[in-house]
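To start, the structure under review is shown below, and the notes come after it.
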Amino acid sequence: IVFNEDSNDHNFRIEGDGDANAFFLDAGVDRVYLGNNANTSLNDCDARLQISGTDFDKAALSLTRYSDNANGATLVFGKSRNATLNGNTIVQDNDELGKIRFCGADGTDFGNTAIEISGFCDGTPGSNDMPGGLKFSTAADGANGVTERMRIESDGSVAIGTTTTASMLNVTQASTGANICLLYTSPS
């Protein structure tokens with residue numbers, strides 16, 4: 001069954017017992033809404049799939065895995081440098097592979113990010129070789145954007161308050177730029 005064949009711009013809606021827009025396809029903008037029938041732009045992102053609700057259950061996404069092993073449910077992000085769907089072009093060092101953004105209403109819109117966690121390629125990838133790192137960023141009070149606060153690089157080194165690593169743990173005090181020394185003594 002094909003709905004909206006030949007791009008006739010016909011919206012499609014499924015009602016629930018208590019939700020007039022349990023599923024709503026806005027054909028004019030190629031967007032699917034669950035629990036709503038209008039776009040909510042978050043940080044200038046008009047997502048193709050949007051879930052909206054007025055309580056915990058209605059505004060949540062749940063992943064559950066049932067299996068007799070140690071593996072859990074998975075959320076997977078992917079990135080290719082090819083601009084064509086299904087194209088497979090190798091990514092490059094420092095390419096962002098995926099991110100999670102947290103935005104709050106500021107009385108005007110949802111235009112600013114408060115927190116961002118992103119995964120990135122950290123090195124030279126090749127066949128069956130994908131070095132990766134994580135960046136953790138937050139917005140300071142009064143700021144309208146995030147600043148990187150911590151990163152974990154592909155070799156396991158950690159940088160806090162700086163984006164460069166000279167050793168396994170690098171901590172810099174943001175207000176003064178001074179390095180904070182941590183001393184490790186091997187147990188005897």
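The figures here come from the full heavy-atom set of this structure, side chains too, leaving out hydrogens, waters and symmetry mates.
In the displayed structure, R65 atom CZ is contacted under 6.0 Å by more than 12 heavy atoms of other residues, nucleotides or ligands. Atom CG of N69 has more than 12 heavy atoms from other residues, nucleotides or ligands within 6.0 Å.
The shortest side-chain heavy-atom distance between P131 and P125 falls under the 4.5 Å cut-off. Inter-residue side-chain proximity for T40 and Y33 is flagged as unmet; no heavy-atom pair is nearer than 4.5 Å.
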task = Evaluate the side chain to side chain contact (heavy atoms under 4.5 Å, CB included) criterion for residues V171 and L169: first the C-alpha distance (whole Å), next the side-chain angles of each, then the deciding distance (0.1 Å), finally the verdict.
result = CA-CA 7 Å; V171 181; L169 179 60; 4.0 Å; yes
message = Under the criterion side chain to side chain contact (heavy atoms under 4.5 Å, CB included), I'd like the reasoning laid out for T147 against S137: C-alpha separation, chi angles, the key distance, then a yes or no.
response = CA-CA 5 Å; T147 301; S137 304; 6.0 Å; no
query = Please walk me through it: do T163 and E148 pass side chain to side chain donor-acceptor pair (under 3.5 Å)?
reply = CA-CA 7 Å; T163 59; E148 184 178 326; 5.5 Å; no
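For A27, the side chain to side chain contact (heavy atoms under 4.5 Å, CB included) partners two or more places apart in sequence, or in a different chain, are N4, D9, N11. In this structure N21 satisfies the side chain to side chain contact (heavy atoms under 4.5 Å, CB included) test together with R13, D19, F24, N37, sequence neighbours excluded. Here D57 pairs with D55 under the side chain to side chain contact (heavy atoms under 4.5 Å, CB included) rule; sequence neighbours left out. Partners of D95 by salt bridge (Lys or Arg N to Asp or Glu O under 4.0 Å), not counting sequence neighbours, listed by chain and number: R81. Residues passing the salt bridge (Lys or Arg N to Asp or Glu O under 4.0 Å) test with R101, sequence neighbours excluded: E116.
Atom-to-atom distance recorded for N170:CG and E153:CD is 8.0 Å, nearest 0.5 angstrom. The CG atom of L49 lies 8.0 Å from the CG atom of L61; values are rounded to the nearest 0.5 Å. Expressed to the nearest 0.5 Å, how far CG of D155 lies from CE of M168 amounts to 5.5 Å. Rounded to the nearest 0.5 Å, atoms CZ (F102) and CG (L42) are 12.5 Å apart. Remark: R149 CZ to T162 OG1 distance equals 12.5 Å, nearest 0.5 Å. One finds the CD1 atom of I115 at 14.5 Å from the NZ atom of K99 (value rounded to the nearest 0.5 Å).
Note: the hydrophobic cluster containing F120 does not contain I100 (ILVMFWY, side chain heavy atoms under 4.5 Å, direct or indirect links). Two different hydrophobic clusters hold I51 and F56 under the rule that ILVMFWY side chains link at heavy-atom gaps under 4.5 Å. One hydrophobic cluster holds both L134 and L75 under the rule that ILVMFWY side chains link at heavy-atom gaps under 4.5 Å. Residues I117 and V158 share a single hydrophobic cluster, defined by chaining ILVMFWY side chains whose heavy atoms lie under 4.5 Å apart.
I152 and F136 make their closest contact through CD1-CE1, 4.2 Å (heavy atoms, listed as atom of the first residue, atom of the second, distance). Of all the heavy atoms in G145 and A139, the pair that sits closest is O-CB, 3.3 Å. The minimum heavy-atom distance linking S167 with S157 is given by the pair O-CB, 3.5 Å. Across all non-hydrogen atoms, the minimal contact from C103 to N43 is SG-CB, 3.7 Å. Among all heavy-atom pairs drawn from V76 and T74, the shortest one is CG2-CG2, 3.3 Å.
Annotation: side-chain hydrogen bond (donor to acceptor under 3.5 Å, both in side chains) contacts involving residues 117-136, sequence neighbours excluded, comprise D122-S154.
Applying the side-chain contact (heavy atoms from CB on, under 4.5 Å) test between Q50 and each of N36, V32, N39, L34 identifies N39 as the sole match.
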